[in-house]
Each structure stands twice: as C-alpha cells, then as structure tokens.
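These notes are about the structure you will find just below.
A, B, ... follow the sequence lines: proteins, then strands. Residue 1 opens every chain. On a predicted model such as this, the values are computed, not experimentally measured, just so you know.
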Amino acid sequence: MLELRGIRKSFGRIEVLHGVDLQVRAGEVHALLGENGAGKSTLMKIVSGIIQPSEGQILIDGQPRHFPTYDAAIAAGIGIVFQEFSLIPGLNAVENMFLGREKRNAFGLLDRKAMRTRAQAILKKLEVDLPLDVPIARLSVAEQQFVEIAKALSLEARILVLDEPTATLTPSETEHLFKVMRELRASGVAIVFISHHLDEIFEICDRITVLRDGQYVGSTDVADVTVDQLVEMMVGRRIENSFPPKPTLEPAARIVLEAVEVQLRRGGPVSSFQLRAGEILGFAGLVGSGRTETVLSILGEYAAARCTVRVDGAERRLRDAADGLAHGIGLLPESRKDQGLITAFSILQNVSLNNYGKYQRGHWFIDFKKELACTQTAMDQVRVKAQGPRARVDTLSGGNQQKVVIARWLNHDMRVLIFDEPTRGIDVGAKAEIYQLMRDFTAQGYAIIMISSELPEIIGMADRVCVFRSGGIVATVEGSAITSEQIMTHATTGKVHHVA
Amino acid sequence: MSHDATVASTARHRALDWLLHSPLALPLVGLIVVSVLMTFASDNFFTVDNVLNVLRQVSVVGILAVGMTFVILTGGIDLSVGAVMALAGTAAAGVMVNMGLHGGLGIAAALLVGVGLGLFNGALVAWGKMPAIIVTLATMGIARGLGLIYSGGYPISGLPGWVSWFGVGRIGIIPVPVIIMIIVYALAWVLLQGTSFGRHVYAIGGNETAARLSGVRTRQVKLAVYAISGLTASLAAIVLTGRLMSGQPNAGVGFELDAIAAVVLGGTAIAGGRGLILGTLIGAVLLGILNNGLNLMGINPYLQDVIKGLIILLAIYIGREWR
Amino acid sequence: MSHDATVASTARHRALDWLLHSPLALPLVGLIVVSVLMTFASDNFFTVDNVLNVLRQVSVVGILAVGMTFVILTGGIDLSVGAVMALAGTAAAGVMVNMGLHGGLGIAAALLVGVGLGLFNGALVAWGKMPAIIVTLATMGIARGLGLIYSGGYPISGLPGWVSWFGVGRIGIIPVPVIIMIIVYALAWVLLQGTSFGRHVYAIGGNETAARLSGVRTRQVKLAVYAISGLTASLAAIVLTGRLMSGQPNAGVGFELDAIAAVVLGGTAIAGGRGLILGTLIGAVLLGILNNGLNLMGINPYLQDVIKGLIILLAIYIGREWR
Amino acid sequence: AAQDDQLTIGMTFQEMNNPYFVSMQEALNEAAAQIGARVIVTDAGHDVAKQISDVEDMLQQGIDILLLNPTDSAGVESAVRMAKDQGVIVVAVDANANGPVDTFVGSKNRDAGYQSCAYMAEALEGKGEVAILDGIPVVPILQRVEGCKAALAEHEGITLVDTQNGRQDRSVALGVVENMIQSHPNLAGIFSVNDGGAMGALAAIQGSGRDIKLTSVDGAPEAVKAIADGTAFIQTTAQFPRDQVRVGLGMALAQYWGARVVPTEVPIDVRTVDAENAADFSW
Ligand SMILES: Nc1ncnc2c1ncn2[C@@H]1O[C@H](COP(=O)(O)OP(=O)(O)OP(=O)(O)O)[C@@H](O)[C@H]1O
Ligand SMILES: Nc1ncnc2c1ncn2[C@@H]1O[C@H](COP(=O)(O)OP(=O)(O)OP(=O)(O)O)[C@@H](O)[C@H]1O
Ligand SMILES: [Mg+2]
Ligand SMILES: [Mg+2]
C-alpha cells in the first residue's frame with residue numbers, strides 16, 4: 001500500500017538517509033527498527049509531508065505521490081503519532097485532537113458538540129477515560145500520549161504511523177493500544193510501528209524493516225528472526241548479555257543518603273528509604289507514580305509537603321540542585337533535551353558546566369587547558385563517540401548525548417547519582433554501555449538511584465527496588481523478591497496508606 | 001447536613017473553584033480593589049459621569065490592546081502600535097484635509113496604513129523568521145518617520161466636523177469611542193473563542209512546532225495576527241483623530257507600553273498561549289482607573305508614575321503563580 | 001600548484017570559514033559596508049576627528065549595551081536602563097550640588113542607585129519569577145518618577161568642573177568616554193569568556209532548566225546579570241553627566257531601545273544563549289555611524305528615522321540564518 | 001459641595017521636566033495661595049491625548065478656571081470645548097489653543113527669534129556660516145525660527161548652512177550639534193530654539209574647542225549663568241513664564257468676578273539677556 005524507493009535526505013551538508021526503501025502492505029503492522037539516529041523519525045516525517053526528501057519516491061497504491069505539506073499527506077490517508085509530543089499544553093483534549101482540522105457549524109464557528117462527541121467515541125475505543133475539559137498540561141504523561149494517539153486515529157487514516165508511542169505507556173496501557181492496532185489491522189489499515197522495545201515488536205508486528213545509520217539494512221517477516229539476529233541487524237555486531245552481573249552487596253555499607261520522611265505536595269504516602277554506598281536502588285512504578293517528583297523534592301527543586309533528608313548521617317535541607325551538588329548528589333534528569341543538555345553548547349561546555357571549581361585559576365578564571373584535559377578524560381571514561389570535545393552536542397546521537405550528561409558528574413566528589421530514565425529512547429547497544437557504566441560507578445563506591453519504567457532494566461540492575469504508587473513508596477523489595485510479578489503487584493494494587 | 005445545603009455548598013464550591021482557576025480571577029480582584037480604594041479616596045470617582053469618562057479615556061489604549069492580545073497570545077509582541085496609530089491618523093487627516101477627498105476615503109486610508117504595516121510586520125516575522133521585538137521596533141521608527149515626513153511635523157487640522165463624532169459623540173449617554181471599543185472586544189472574543197483561527201492563535205503560543213506538526217498554517221496565522229494588530233491600531237487612530245480633531249504624527253508615543261501593560265495585567269501570559277480577551281479589557285480599565293483616580297486625588301504628577309509602576313509590579317507579582 | 005600556494009589557500013580558506021561561521025561576521029560586514037558608503041557620501045566622515053567624535057557619541061549607549069548584552073544572553077531584557085541612567089545621574093548631581101558633598105560620594109550615589117535598581121529588577125525576575133519585560137517596564141516608570149520628584153523637574157547644574165573630564169576630557173587624543181567604554185567592554189569580555197560566571201550566563205540563555213538541574217545557581221546568576229545592567233547604567237550616567245555637566249532626570253528617553261538594537265545588530269540572539277560582547281560594540285558603533293553619517297549628509301531628520309529602521313531590518317534579515 | 005465654595009484652578013502643562021514650566025507652576029501656587037484658591041496641576045508629557053484626559057479629569061473635580069498650556073494647538077480643541085460647555089473660564093498660556101479660548105497669554109515668539117538672530121549676526125559682524133538647532137514643531141517654535149530667518153536675511157554676508165532637530169533635549173542636541181560642527185568646518189554661529197537645546201549645543205561647542213557663537217530663547221537660569229560666565233553662549237532672548245501665569249490668572253479672575261470685556265490676546269514682551277545684564281536677570 002505504501003512504498004518508499006531510494007529516499008535520501010540531507011540537512012545542510014550532512015546526509016542522514018542514504019537511499020532507504022520500505023514496503024508496507026495493507027492490513028499489516030510493520031516495524032521500523034534501528035539505533036538512535038538511524039533515521040526512523042526522519043523517514044516518517046518525509047512520509048507525512050513534514051519535511052521533503054532530497055531524492056526518492058513515495059508511492060501509494062502504486063501511484064507516485066508528492067506531499068508538499070502535512071495536509072496533503074492527511075488528504076492521502078496518512079496519519080502519524082509523532083515521537084515528540086505535538087500537543088498544545090494550554091488546550092484541552094478535544095481541541096488538541098482536532099487542531100488544524102476543526103469542525104465548523106453553518107456560521108463558520110467551532111462546532112464544539114460534534115468534536116466532543118467524536119472525541120469521546122475514539123477514546124472509548126482506546127478504553128481510556130480522561131477529562132476532556134481541562135488543559136492537557138494537567139493530564140499525566142500517559143493520558144497525553146493517548147490524546148496523541150486518539151488525534152491520529154481521528155484522521156481515520158489508511159496508513160498509520162506510530163513513532164515510539166509506547167515509550168511513555170505502562171504494559172497494561174500498551175495492551176489497550178495493541179488491541180486497537182489489531183482491530184485496525186483487521187480492517188485493512190497499514191501500520192508503521194516504531195519502538196525500541198523488542199518484545200513489543202514480537203508481540204504485535206508482522207514484518208520488520210531495519211535501518212542503520214540512514215542505510216536500508218533489510219526487511220524480514222517477524223516469524224523468521226530471533227531477537228539476537230534482529231539486534232545484530234540493527235547495530236551491526238552481536239551484543240552479549242546486556243546486564244552486567246550483580247555483585248554481592250556489603251551489608252554493612254555506609255548509608256550515604258536517607259530519606260526519613262518525604263511526602264509530595266499533592267499528598268499520597270509518606271516515603272522513606274536508605275541508600276548505601278555501592279548499591280543501585282531501583283525506583284519502579286507506573287508513569288506518573290511520583291518517582292521524579294520525589295527525587296526533585298529531595299533536591300529542593302519541587303515544593304514538598306514534608307521532606308526530611310539525611311546526607312551521610314547529618315540532616316540537611318537542600319534548597320536546589322546546586323545544594324545537592326554541594327552535598328555530592330547529582331541528577332541525570334529524565335528529559336535529556338529539555339532538562340539535561342544545553343544543546344547549543346559543545347560537549348566541553350556541557351561537561352564542564354557545573355565543574356568550574358576544578359578548572360579555576362585564581363578563584364575566578366577558567367583554566368582552559370585543564371578544562372579540555374578533564375573533559376577528554378571524562379569522555380574517554382564513558383566512551384562518548386564524537387569528533388572531539390568541541391563538537392556541538394546536538395550533532396550527537398541520543399545515546400552519546402546521554403553519556404555527555406553522565407560525564408558531567410564525573411569530575412566531582414560525588415556520592416550519589418540519580419539516573420532518571422537513563423535509557424529512555426536509547427538503542428540496545430548504548431543501553432548495554434550505560435548499564436556497564438553504572439556498575440563501574442558502584443564499584444568505585446558511588447551509590448545510584450535508578451528511576452526506570454522498564455521492568456527488565458530494574459530487575460537486571462537494581463540491588464533493591466522501591467515501588468511507587470500514588471505519589472510515594474508503597475513497598476521495598478530485595479534480592480530474589482525482585483521479580484516483575486512482585487513489582488507490578490505493588491505498583492498497581494494493594495493498600496496505600498494515605499496520610500492527609 | 002440537608003441535601004439542599006450540600007447542593008448549595010457544592011455550587012458555591014464550584015464557583016469558587018472556577019474563580020480560582022480562571023485567568024480572569026486576579027484581574028477582576030485587582031479591578032475591584034483599586035475601584036474601592038479610589039471611591040474612598042475621591043468623592044468624584046464613583047459617579048456615572050466619571051465612569052463614562054474613564055471608559056472614554058481608556059478607549060484608545062483599550063482598542064490597541066485588542067490587537068496586542070492577539071499578537072502576545074501567539075508569543076509575539078508589537079511595539080509599533082503607537083506609531084502605526086499616529087501614522088494612520090495622520091494619513092486619514094491628510095486625505096481629508098490636504099487632498100480634500102471624501103471622509104470615507106480618509107477612513108479607508110487609515111485602515112490601509114494600519115493593515116499594510118501590520119502585514120509588513122507579520123510577513124517579516126512569519127516568513128522572514130525575524131524576532132518580533134526587533135521587527136516592530138524598526139517599524140515603529142519607520143512609521144514615526146513617515147508620519148513626520150508626510151505632515152512636515154505639523155499636526156493636520158481642519159477636519160470636517162463629523163469626524164469628532166468618533167471621539168466625543170454619544171449614543172444615548174454612552175460615548176461613541178466606548179461603543180466602538182466594546183464592539184471590537186466582542187468581535188475579538190468571538191474570533192478567539194468561537195473560530196478555528198482563534199484556537200490556532202492559542203496553539204501557536206502554546207507550542208509553535210507542535211501546532212505546525214498538527215497542520216496549523218502557522219505562518220498565515222502569524223501574518224493575520226499582526227494584520228489584526230495593525231487594524232486595531234487604525235481603529236484606535238480613528239477614535240483618537242476624533243478626539244484630537246487633527247492628525248498628530250507625534251501622538252501615541254509610549255502607547256505600546258500601555259497596551260502591553262493592559263494585556264499582561266489582564267492575565268495573558270507574556271510568553272503566549274494563555275489569556276482571555278476579557279482580561280485585557282479589565283487590564284485596560286484598571287490602568288485607566290489608576291490614571292484617572294490618581295488625577296482626581298490630586299497626586300503630584302511625578303509621584304503618579306511611581307505609584308503606577310509599583311501597582312503594576314504588585315499585580316503581576318500576586319498573579320504570577322495563579323496563572 | 002606549488003606547496004606554498006596550497007598552504008596559503010588553505011589558510012585563506014580557514015580564515016574565510018571562520019569569518020562565515022563567527023557570529024561577528026555579519027555585524028563586521030555591515031559596519032564595513034556602511035562606513036564605505038558614508039565615506040563616499042560625505043567628505044567629513046572618514047577623518048580622525050570625526051571617527052573619535054562618533055566613538056564619543058556612541059559611548060553612552062555603548063556602555064548601556066554591555067549590561068543589556070548580559071541580560072539578553074540569559075534570555076531576559078532590561079527596558080529600565082535609560083531611566084535608571086537618568087536617575088543615577090540626577091542622584092550624583094544632587095549629592096554634589098544640593099548636598100554639597102564630595103564628588104566621590106556623588107559617583108558612589110550613582111553606582112548605588114544603578115546597582116540598587118538592578119538588584120531590584122533581578123530579585124523580581126529571579127525570585128519573583130515575573131517576566132523581565134514587565135518588571136523592567138515598571139522600574140522604568142518608577143525611576144523616571146523618582147528622578148523628577150527628587151529634582152523637582154529642574155536639571156541639577158553647577159557641578160564641579162572636574163566632572164566634565166568624564167564627558168569631554170581626553171587622554172592623548174582619545175576622549176575619556178571612549179576609554180571608559182573600551183575598559184567596560186574589555187572587562188565584560190573577560191567576564192563572559194574567561195569565567196565560570198560567563199559560562200553560566202550563556203547556559204541560562206541556552207537552557208535554563210538544564211543549567212539549574214545540573215547545579216548552576218541560576219537565580220544568583222540572573223540577579224547578578226541585572227545588577228551588572230544597573231552598574232553599566234550608572235557608568236553611562238557618569239559619562240552622560242560629564243557630557244551634559246548637569247543631572248537630567250529626563251535624559252535617556254528611548255536609550256533602552258538603542259541599546260537593544262546595538263545588541264541585536266551585534267549578532268546576539270534575542271532569545272539568549274548566543275552572542276559575543278564584541279558584536280555589541282560593533283552594533284553600537286554601527287548605530288552611531290548611521291546617526292552621524294545621516295547627520296553629516298544633511299538628511300532630513302524625519303527621513304533619518306525611516307532609513308535607520310530599514311537598515312536595522314535589513315541587517316537582521318540578512319543575519320537571521322547565519323546566526 | 002465643599003469645593004463649590006472654594007475657587008478651584010486647574011492648570012495642565014505640556015511637560016513638567018523643564019524649568020520653564022516648573023517656574024510657571026511655582027508662580028501659580030504662590031498666586032493661588034494668596035487668594036486662597038485650590039490648585040490642580042497635571043503633566044501631559046507631550047502627549048495630546050493625555051492632556052485631553054487630564055482636562056476631563058479636572059472637569060470631574062469641578063474646576064472654575066482652566067489654565068491651558070497646550071501640547072498642540074489643534075489637538076486640544078475638544079478639551080477647550082468641553083471646558084467651555086461646563087462654564088469653565090479657559091486661558092491659554094504660552095501657546096494658543098484652537099476653539100473658544102477666552103484669553104491667550106504668550107510671548108512674542110517671532111520677536112524672540114528675531115532678536116536672538118539679529119544679535120548673533122551683529123556679533124559675527126554680518127558675515128559667516130550659521131546653523132539653526134530646531135525643536136518640536138509647534139507654533140511658538142516655528143515662529144521663533146521664522147523670526148530668526150528674517151533677521152539673518154537682513155545680512156548678506158550670513159549664510160544659513162544647516163538646520164537640524166535637537167528636539168529641545170539636551171542630550172539629543174549635544175550629539176546633533178557635534179555632528180553639525182564636524183560637517184561644517186567654517187561654522188561661526190548657532191541659534192537654538194530654546195535654552196534646553198542650547199545647553200547641549202554649548203557642551204558640544206566647548207568640546208570641539210572651536211569659536212562658535214550661540215544664541216537662544218528662554219532665559220533659563222542655567223543659560224543665564226552660562227552667559228554671565230562669558231562662554232560661547234552670548235545671548236538668550238528671555239521670556240517671562242511667571243508673568244505669563246500671573247497675567248493669565250489675572251485675566252481669568254477678572255472674568256470670574258464678572259468682567260465681560262477681557263482682552264482675547266495678551267502678548268508678553270521678550271527681552272535680550274547678554275553678558276552685560278545677565279548677572280541681574282532671573283525669572
Ligand atoms: N532538522 C535536523 N537537522 C539536522 N539533523 C537532523 C535533523 N533532524 C534529524 N537530524 C539528524 O538525523 C539523524 C536521524 O534522526 P532521527 O530522529 O530520524 O533518528 P531516529 O531513528 O528517529 O532516532 P531515535 O531512535 O533516537 O528516535 C540524526 O543523526 C539526527 O541528528
Ligand atoms: N513540572 C510539572 N508540572 C506539573 N505537573 C507535573 C510536572 N511534572 C510532572 N507532573 C505531573 O506529576 C505526575 C507525576 O509525574 P512524575 O514525573 O513525578 O512521575 P514519575 O513516576 O516520575 O513518572 P515518569 O517519570 O515515568 O513520567 C504526572 O501526572 C505528571 O503529569
Ligand atoms: Mg525517532
Ligand atoms: Mg519521571
């Protein structure tokens with residue numbers, strides 16, 4: 001139904017797609033796979049008329065087509081869920097779903113009732129119940145993702161592109177989506193599905209196309225490949241066992257950070273935990289369960305209802321991340337682009353951003369030589385792949401960007417590193433390297449809090465796991481109790497002790 | 001508790017909830033507080049006559065602030081409104097007096113100048129991708145210069161008598177400028193809340209990239225928004241010309257700042273995406289009451305600037321979280 | 001091709017490459033083009049005397065633009081610089097003339113006023129989380145009002161003779177204001193390029209959340225940036241007071257716009273995060289040359305506004321992609 | 001009601017950050033205090049629209065007499081009409097206003113320009129290049145320029161080489177005159193339309209070290225001092241702002257007390273102030 005032939009795309013002088021082919025049939029779910037920066041999203045933007053290919057052909061039902069705008073693509077029956085949210089925070093769900101395609105009444109004014117009815121019907125099919133009258137900024141991330149999906153569904157497209165729709169969904173929510181996808185497939189819709197979760201690929205997809213560095217690697221039926229073969233196609237080499245072995249924990253290890261009593265401003269359970277030197281403490285829970293908020297409250301970046309924290313045994317009141325830094329607590333925020341990197345800066349400037357204490361001369365001035373040397377060391381330590389320390393970070397792949405954020409914390413006398421979703425949107429190869437880095441850090445005596453929405457990662461890495469629900473820790477599991485059943489049970493059911 | 005009481009309290013609770021969440025809540029509270037203070041401070045304040053007087057004084061900046069609201073809602077800014085208004089008024093007077101043409105042509109000239117310069121701003125911002133603050137700053141200089149060149153620096157007087165109707169006329173007891181202002185606000189309200197164009201204006205201010213990815217023609221909307229600002233500048237020019245009975249190339253210096261203050265006092269976020277046109281009306285009236293009340297109280301004119309600045313700061317400070 | 005020639009051409013190629021990628025490239029080209037045009041248009045333009053004259057005229061806005069660059073680099077804006085400068089100058093003159101105190105105290109008063117109002121702006125922006133454009137707009141009104149109240153509307157003259165050294169004195173043939181301006185630029189350059197503070201200024205403009213979460217004390221940096229803008233406003237006040245030999249509460253109306261224009265013409269992004277202080281110097285000189293050259297050519301002053309506006313638009317339009 | 005017993009005088013100024021108008025206000029306050037009248041003063045800041053609003057607000061306060069110093073003669077007409085409709089006595093001060101003004105009290109501005117430029121031409125012995133530093137185009141300023149040009153035309157040796165606008169502002173005038181001096185190496189004299197601009201011009205002349213003679217109009221304290229000190233500033237044609245207010249208020253009071261035939265125009269003489277009489281002069 002949809003066919004791409006020899007698509008090339010250059011941004012400025014850099015070519016990011018070098019002649020990609022893709023064939024998607026009616027009534028199939030077609031997976032598009034590849035490492036970060038392989039060009040998946042770029043290809044899909046070309047299909048939907050957002051950007052224009054430098055070369056190559058788009059064919060629909062065998063007819064060559066040209067989409068100068070997104071509208072033209074919609075008219076041809078293409079719908080897309082973008083990787084980056086394309087929602088407007090201040091508008092409500094209905095307004096967002098129909099943005100750019102509002103229904104109008106006889107006077108040319110908005111027909112709110114018609115739009116609302118239609119929106120309700122679509123959301124009902126997705127089995128989600130969300131408030132339609134509030135600005136979507138007040139919805140949870142997962143709810144926003146569903147608005148995004150509903151928006152694409154409302155187009156009643158014949159060709160539906162889903163660019164990493166599950167990155168912010170929990171397994172059960174993902175199931176809702178898969179159910180709808182199966183229905184659409186049955187009714188003859190062609191679906192392109194992009195995800196870094198290989199298990200999802202095997203669950204829902206029929207065929208697979210793999211890209212590597214903008215090159216077309218190949219297409220195959222799902223039934224014909226194994227996970228290992230797939231990974232090899234994507235990264236061009238074999239990846240052995242991605243989780244490094246867990247060392248046995250020293251039971252008497254020093255407690256470096258202790259949350260005595262933390263409660264979020266929005267209420268919910270009162271959390272407490274202890275973090276020991278050399279351990280990885282996992283924070284598991286559903287999206288929106290308050291893991292990020294808890295961590296930010298401890299750092300003083302969020303107002304909390306109550307927050308008593310001991311660092312190295314002494315009670316501290318942290319007012320902001322700078323205080324955290326002073327007490328040896330570093331944060332890798334969950335959104336690299338919005339919270340982690342200064343994208344217009346070089347690697348060097350990003351890494352040294354909070355390190356000047358180490359690079360200063362005469363208390364005031366930057367020691368440029370030392371800055372360069374230290375940055376180079378840090379880059380080598382986390383194995384950043386780049387042209388050099390002066391390369392701009394926005395020219396790096398997602399995994400390498402994440403490593404730059406990690407490198408920023410290497411030149412401090414850190415005790416605690418908080419990794420918030422460290423592998424979100426990162427390909428398998430880079431993931432394995434980041435896991436190894438985390439183990440290296442704990443071996444050096446760092447303590448790590450790892451917030452993650454991916455259960456395998458929690459299970460594979462964490463020495464102990466705090467499970468969050470409704471804004472706080474409801475259970476802590478250890479050792480052999482760390483299983484997906486245990487964690488999911490705590491995360492979704494059971495009593496929550498509410499404190500007003 | 002009886003059932004009725006529960007219902008009543010829920011209704012009251014809901015009204016309170018609405019009030020606390022509406023972007024109009026704070027501007028309204030500010031308006032009420034300032035009005036009450038002024039009523040106590042001056043006997044002449046709370047009379048029908050003076051209220052109409054304030055509204056009439058507010059009308060010019062109030063109309064300018066409508067276009068400014070559209071522009072700010074998209075995340076832009078228009079520093080040229082005062083100068084464009086002066087040029088439009090000068091052009092209208094020039095057509096009527098110097099060229100001796102029909103009054104309708106004069107009004108047409110004002111609209112042409114306003115919308116033309118608005119389109120100029122909009123094209124440079126939307127297609128030229130230049131920062132609005134710089135574009136409209138340059139347009140401000142250009143419009144002032146053109147007005148002075150055209151008029152030779154002299155105000156153009158000798159307008160036909162009917163022009164004054166726009167500035168000082170009344171329908172019933174309501175001054176014409178006030179009626180024009182209210183019509184402009186009503187139209188703006190329909191445009192912003194009832195049409196897809198209005199949704200797109202908010203969407204661009206909320207997240208321009210996302211709006212574009214959703215198929216909103218962001219450039220066209222931005223162009224339209226600056227054109228609307230030019231249009232309201234020419235409507236303000238017509239009212240002002242009626243009030244001054246002359247084309248004044250030097251009029252409206254600093255009015256852009258008053259218009260911005262009205263928009264922001266009215267609860268619209270300066271970064272765009274959030275705000276209501278009704279808030280702008282409240283903001284404009286609030287500013288007008290401050291000017292009028294401080295005059296009525298006989299406050300030293302120098303001190304008036306200081307008090308106005310402090311009250312604006314206070315209002316924005318209190319409002320900053322709620323919004 | 002011989003080896004030497006290749007080396008030379010590579011070197012030339014690299015220089016060209018640097019020029020095309022540096023944010024200074026366009027402002028420099030603009031400066032050169034305008035200077036050449038003016039040299040052809042007026043015999044009196046390209047003389048040592050007139051170049052020094054232009055630099056002296058540029059000094060006040062040039063110094064203001066330094067603080068403005070810091071503020072704009074963090075993504076903020078400071079509309080109060082002109083009014084703060086006027087108030088600082090009035091305060092200095094008041095301390096020396098009305099109170100008859102020592103000149104050093106007069107200069108101290110100017111610095112106190114400038115830095116004090118800068119800290120006021122900075123505190124409201126950084127801790128109060130209020131939009132800079134509104135805060136500094138209000139401060140502008142407040143500072144003007146305070147200056148007029150203090151002086152009662154009279155300029156304060158009768159300053160001791162040595163004050164004029166700051167405005168009209170020379171060291172060798174170089175006017176003192178020019179020397180002060182160059183020192184201020186040199187210090188700003190060191191601060192921005194050589195210290196962690198400077199990096200933090202750029203980082204906040206680039207991505208404030210990221211900077212804060214990585215442990216940069218963003219609020220303190222923002223406070224400092226507005227304080228620096230206040231400080232440069234008081235330095236400009238000292239030069240201006242020396243030039244006018246009096247404290248003028250109404251001086252510097254609209255200078256904030258000239259300062260912003262200088263910063264943006266100099267290649268600094270209005271959204272913050274990118275730009276060089278040297279660019280601002282070029283931008284300020286470019287504006288000064290325009291003023292001076294159009295005057296020398298005897299262009300109608302009204303037309304000068306139009307030409308200046310068009311040239312600013314042209315410069316920003318050409319520069320918009322390259323930056 | 002209490003206000004009805006007391007005479008209330010409103011005065012609206014085009015600007016109040018100029019000693020010329022500030023001294024008017026002082027004269028008004030003194031006079032009003034002597035007759036026990038209430039005074040309301042507003043500052044239009046050169047904005048006609050604000051001036052109209054200011055008048056409207058004063059009318060709300062029930063003024064009996066309006067002393068109007070118009071920002072623009074044509075623009076304030078509707079304010080004049082509104083005041084007359086409410087039976088308020090309207091006297092225009094310093095510049096005339098359109099509409100049914102009862103009396104206009106103002107300087108002989110054409111004479112002022114003529115005197116200053118005649119004085120300059122004489123000081124230059126009837127030859128040399130001169131320039132005019134213009135101001136905001138309102139009637140009094142335009143009349144001064146007109147008078148000046150008439151005086152210069154009487155000397156064949158004098159050529160007018162440049163006219164630039166200093167906006168009556170010291171800092172603007174400074175830059176403009178600096179450039180003027182650069183572009184005219186033989187410039188021998190400058191006439192400024194008011195003392196505010198002249199003080200900026202004086203700074204520019206002193207900075208250039210050239211011998212350029214400066215004359216102006218107003219008689220502001222600073223200007224008088226500069227003339228007494230023997231600088232390049234050789235003459236200013238003094239106006240009498242305090243007297244304008246006193247005479248204007250007198251006319252209004254006469255009408256308030258019932259006079260039916262008050263003069264519609266009272267021109268106030270102007271007088272040359274130069275090095276000889278500067279020491280004794282003040283407004
Ligand atoms: N507008 C642009 N300008 C320059 N380069 C771009 C632009 N958009 C994308 N790229 C580059 O194109 C390459 C492909 O990016 P793309 O977003 O398509 O990757 P992806 O396969 O979707 O990766 P991910 O799995 O991280 O989403 C990357 O190297 C990226 O940096
Ligand atoms: N800056 C913010 N302002 C307002 N609400 C927020 C903000 N950040 C998060 N929230 C909301 O708070 C809730 C909890 O979010 P949080 O990010 O803490 O959860 P989480 O458990 O870390 O989940 P995840 O990180 O997987 O999204 C969500 O409903 C989210 O929408
Ligand atoms: Mg992608
Ligand atoms: Mg989170």
Side-chain angles (χ1 to χ4, degrees), chain A residues 12 292 295-296 299-301 318-346 348-368 371 392-394 401 404-405 408-409 412 414 418 420, chain C residues 13-14 17-18 20-23 72-75 126-127 129 186-224 228 267-276 279 320-323:
Chain A
T292 303
V295 158
L296 289 178
L299 279 175
E301 288 289 342
L318 306 180
R319 281 161 307 167
D320 53 17
D323 279 353
L325 173 60
H327 288 104
I329 304 170
L331 171 72
L332 284 90
E334 64 184 326
S335 162
R336 273 193 301 283
K337 228 165 83 193
D338 297 333
Q339 304 171 328
L341 292 169
I342 319 267
T343 42
F345 272 20
S346 63
L348 176 82
Q349 288 165 326
N350 266 293
V351 169
S352 58
L353 183 62
N354 57 8
N355 277 347
Y356 289 106
K358 292 250 162 175
Y359 308 143
Q360 267 166 16
R361 256 185 337 195
H363 217 73
W364 268 92
F365 300 103
I366 301 171
D367 184 338
F368 293 107
E371 182 188 21
R392 273 174 62 139
V393 290
D394 52 7
Q401 290 184 350
V404 171
V405 184
R408 180 183 289 160
W409 299 101
H412 298 278
M414 301 309 293
I418 302 170
D420 195 350
Chain C
H13 189 264
R14 203 173 307 143
D17 201 60
W18 175 86
L20 285 178
H21 281 95
S22 161
I72 289 182
L73 278 176
T74 65
W127 274 270
K129 289 178 193 145
L187 290 177
W189 186 78
V190 171
L191 211 53
L192 281 175
Q193 303 304 326
T195 71
S196 51
F197 170 72
R199 286 284 176 79
H200 293 167
V201 168
Y202 281 96
I204 289 174
N207 185 344
E208 183 171 345
T209 315
R212 199 186 54 245
L213 289 181
S214 68
V216 174
R217 297 198 183 272
T218 52
R219 285 182 295 232
Q220 280 87 335
V221 173
K222 275 157 92 179
L223 183 72
I228 288 175
T268 295
I270 193 82
R274 277 169 310 141
L276 293 173
R320 100 218 114 109
E321 274 303 323
W322 248 321
R323 281 174 200 146

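- Contacts of L296(A) with chain C are made by side-chain atoms alone, with heavy-atom separations under 4.5 Å and no backbone atom involved.
- Within the 4.5 Å cutoff, the side chain of L276(C) has heavy atoms near those of the Q193(C) side chain.
- The distance from atom OG1 of T218(C) to atom CD1 of I204(C), rounded to the nearest 0.5 Å, is 5.5 Å.
- The closest side-chain heavy-atom distance from V190(C) to F365(A) is below 4.5 Å.
- Comparing S214(C), G205(C), G206(C), G273(C) by how many heavy-atom pairs each has under 4.5 Å with chain A, the most go to S214(C).
- Not a single donor-acceptor pair under 3.5 Å links the side chain of R212(C) to the backbone N or O of A321(A).
- Contact of E208(C) with chain A is not made at all, since no heavy-atom distance falls under 4.5 Å.
- Using a 4.5 Å cut-off between heavy atoms, L325(A) contacts chain C through its side chain alone, with no backbone atom that close.
- Heavy-atom neighbours of chain A within the stretch residues 195-202 of chain C, taken at a separation under 4.5 angstrom, comprise T195(C), S196(C), R199(C), H200(C), Y202(C).
- For D323(A), the parts sitting under 4.5 Å from any heavy atom of chain C are the backbone and the side chain alike.
- Looking only at distances, no side-chain donor or acceptor of N354(A) sits under 3.5 Å from a matching main-chain atom of L213(C).
- Side-chain contact check for L341(A) versus N207(C): every heavy-atom pair is 4.5 Å or farther apart.
- Between chain C and the options D367(A), L353(A), N350(A), heavy-atom pairs under 4.5 Å are most frequent for L353(A).
- Residues satisfying the salt bridge (Lys or Arg N to Asp or Glu O under 4.0 Å) criterion with D394(A), sequence neighbours excluded, are R392(A).
- Contact annotation for Q339(A): both backbone and side-chain heavy atoms come within less than 4.5 Å of a heavy atom of chain C.
- Two residues are said to be in side-chain contact when any heavy atoms from C-beta on lie closer than 4.5 Å; I329(A) and L299(A) meet this criterion.
- A distance of 11.5 Å separates CZ of R274(C) from CZ of F345(A), quoted to the nearest 0.5 Å.
- Looking at S352(A), only its side chain comes within 4.5 Å of chain C, counting heavy atoms on both sides.
- Here the side chains of P333(A) and V405(A) are in contact, with some heavy-atom distance below 4.5 Å.
- Heavy atoms of I342(A) lying under 4.5 Å from chain C belong to its backbone as well as its side chain.
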